[in-house]
Amino acid sequence: MRNIDRFFCLTLTVCLTAGAAKAQKRTIDQRVDSLLRLMTLEEKVGQLNQYSGKDVTGPVNANNTNQLNDISKGLVGSMLNVRGVKDTRQIQAVALRSRLKIPLLFSMDVIHGYRTVFPIPLAEAASWDMEAIRSSAHIAAKEAAAVGLHWTFAPMVDVGRDPRWGRVMEGAGEDTYLGSMIATARVKGFQGEKLGGTDAVMACAKHFAAYGAAMAGRDYNAVDMSDNMLWQTYLPPFKAAADAGVATFMNSFNTLNGIPATGNSYLQRDILKGKWGYKGFVVSDWGSIGEMVAWGYAANNEDAATKAIIAGSDMDMESKAYIGHLTQLVKDKKVDVKLVDDAVRRILRKKFELGLFEDPYRFSNEAREREVLNDPQHKLIARDVAQRSIVLLKNQNELLPLAKSGKTIAVIGPLAKSKRDLEGNWIPLSDTTRVTSLYEGLQSTDGKNRYLYAKGTDIMGREDAFEEAIATAKKADVVVMALGESWDMSGEAKSRADISLPGRQTELFNAISATGKPIVVVLMAGRPLIFEDIANKAQSVVYAWWLGAEGGNAIANVLFGDYNPSGKLPVTFPRSVGQIPLSYAGYSTGRPVKNPRDIKYKSAYIDLPNTPKYAFGHGLSYTTFKYGNLKISDTKIKKNQVLQVSFDLSNTGKYSGEEVVQLYLQDPIASVARPLKELKDFQKVMLKAGETKTITFKIDSDKLSFYDPQMKWVAEPGNFNIMIGSASDDIRLNSSFELTDK
Ligand code: GLC
């Protein structure tokens, strides 16, 4: 075929495809509009109404309605907390008896796995492994979709810099850039490239916005912050989720500068639906609409419904404000029906995209439910993600990895045999028969060690079995202690004013330490903890978060060296709760501490160093890495140029292993005081023992930009400092360059 013919055919194909896609897109919008024209005002309001099934995840509303009756009348658009092919088919059938047969959306908090429980999101964030995180979300979506669910209330993308806040366990930690990358990976994992597959569900970016900055780390509390902090630090992960195509947003319980998020037009209309042009829909968080009354921002549910719909809250979860008042408010001309129509369009569009009008039962398939929920691959992937999430905080005299045979190992502590705790909080269904405890994981390792066990104490210190634990330790060559929080000490409504080890665990540790036996402490929790004695006295410390069903196997793989730990902290570990909020991206201040011994009239505490116990990005390996041969492509770049930064990374130890190399930048002089350093890129690199690889980062003007006093996103000319390292407090290479404006 001649080139001219080939070009003609290609052009025709492209036009026809684009036309078909446009027609298809127009078709969904047209189908939405034609359905909207048929709907009564009551039916429109019904689409904005969401009820919870029996597994409630919030305070239950007193006047429990006859849900099925409302569903049969087309007065419900979605149900949450209904799962399983049988139940979803049964309730969908009721919805299809309504006049217009509009199918329901079924939703649930599938935060870190449905049947296969993966590590909590904060643990996965510690892997810094976007493919691992994506695959975790993808499997969660496959299993959720197999039980009739269309929509998960995840990823939670709130930046969390206050470990007193229990929900830090649900997010990606303290950093804006890492959080944005993880938000993207999770949205792609849950939704796939395009909605509509029965191995994908709608994702939900939550909680919009700035919920992680709740005052005093207390859940549901107020948030006060500057526009600069909001846009620079807390909004970017939401924007990343929106750019990744997240189907829905969920608003948050907090006020932002005095106005509850669910009634906040600045957030939901000006930013999300306006500046960002977001086309999905916003669901309230549980009863957040009705809670505006308790905030003293709405006089009653009718007032709350008015404020919420005007502010861009499209669907009302559980407060029954919309179903109770919106129809009358429109009839009384207190609310413009256009606002209701816009919300209905956004919701119907998703139902069309999911293919629910073609087949309302397509996600409720018994054969697929059986097959997917029992896929043996899922637990293997969960184990891989779990071991990648473990952070080695300390390893004195290379006590780890442990020998697999010939040793007597005492496993001591309240979490040594625990199963439910390893699942963590926010799981749709606990099944401890599928969980491998730490003790079981160690025992199942194919070696010839002898294992002893003693609980020593319980989490809250009500039990005292110290003597037995000390006697057990004395019989061992090495002690592995499993300490931490219980699974329900982090998560929603689980703020702690004191984040040290609960109960008498520190006492137990000190009693075992006094035997002189070498100790590996495995700490498990949903947040950073404070554990000064352990950090100073234990030979090795491993942070294992809550790793899910495969936690025991993953920890054993790390302790015996079958997997060389590669995790890095996604959140700062303070020395004291008095330092909070504490982040690596702090400021110089006008009186920086240059020498810790000279703090007179400096920005410092008189009773504690400013530095954290463990810094953001910290995590050790069984091998060592050398950074060298830093090269930058230029010492000056213009705004439209890209600076290439390269360096050699060598594995100088005896184990192959992965290193997360981190690129931090500093803008030392700018029109607002900028942080001492900000993470701008990272790579997780596998190196065999003795191997060297050249790593390259690209720095464009977007990585140099920030919001100036006029809230413009600008890259200002001047010097910039480059810091490349293994942690935010372990910088190995430094350089600098100039951004010129011509
Ligand atoms: C809860 C949580 C939210 C969750 C919702 C539904 O209160 O704040 O994250 O998705 O209610 O369970």
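Reckoned from all heavy atoms, side chains included, excluding hydrogens, waters and symmetry mates. Note that ligands are numbered from 1 as they come in the structure, with each ligand's atoms numbered from 1 the same way.
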Please enumerate all residues that pass salt bridge (charged side-chain N to carboxylate O under 4.0 Å, His left out) together with Asp285, with sequence neighbours excluded. none
Under 30°, 30 to 60°, or over 60°: which ring-plane class applies to Tyr220 and Phe253, parallel, tilted or perpendicular? perpendicular
Once the angle between the rings of Phe208 and Phe249 is folded into 0 to 90°, is it parallel (under 30°), tilted (30 to 60°) or perpendicular (over 60°)? perpendicular
In terms of residue, atom name and distance, what is the protein heavy atom nearest to atom 1 (C) of ligand 1? Glu492 OE1, 3.2 Å
Would you mind running through ligand 1 and noting each atom that sits below 4.0 Å from a heavy atom of Phe153? 10 (O)
Taking only non-hydrogen atoms of Lys206 and a 4.0 Å limit, the atoms of ligand 1 in range are 3 (C), 4 (C), 9 (O), 10 (O)
Does the N or O separation between Asp109 and ligand 1 drop below 3.5 Å for any pair? yes
Using 0.5 Å steps for rounding, measure from the CZ atom of Arg89 to the CZ atom of Phe106. 11.0 Å
Can you find an N/O atom of Arg167 closer than 3.5 Å to an N/O atom of ligand 1? yes
Phe253 heavy atoms, cut-off 4.0 Å: which ligand 1 atoms fall inside? 7 (O), 8 (O)
Test ring pair (Phe, Tyr, Trp, His ring centres under 6.0 Å) applied to Tyr266 - qualifying residues, sequence neighbours left out: none
Just verifying a value: how many Å separate Asp375 CG and Glu143 CD, rounded to the nearest 0.5 Å? 8.0 Å
protein heavy-atom neighbour closest to atom 11 (O) of ligand 1 works out as Asp285 OD1, 3.1 Å
Below 4.0 angstrom from a heavy atom of His207, which ligand 1 atoms are there? Numbered from 1 as shown, please. 3 (C), 8 (O), 9 (O)
Polar contacts were defined as any N/O atom of the residue lying under 3.5 Å from an N/O atom of the ligand; does this apply to Trp286 and ligand 1? no
Among the heavy atoms of Met250, does any lie under 4.0 Å from an atom of ligand 1? yes
Centre of Trp487's six-membered ring, under 6.0 Å away, within 45 degrees of the axis: is that where NZ or CZ of Arg420 sits? yes
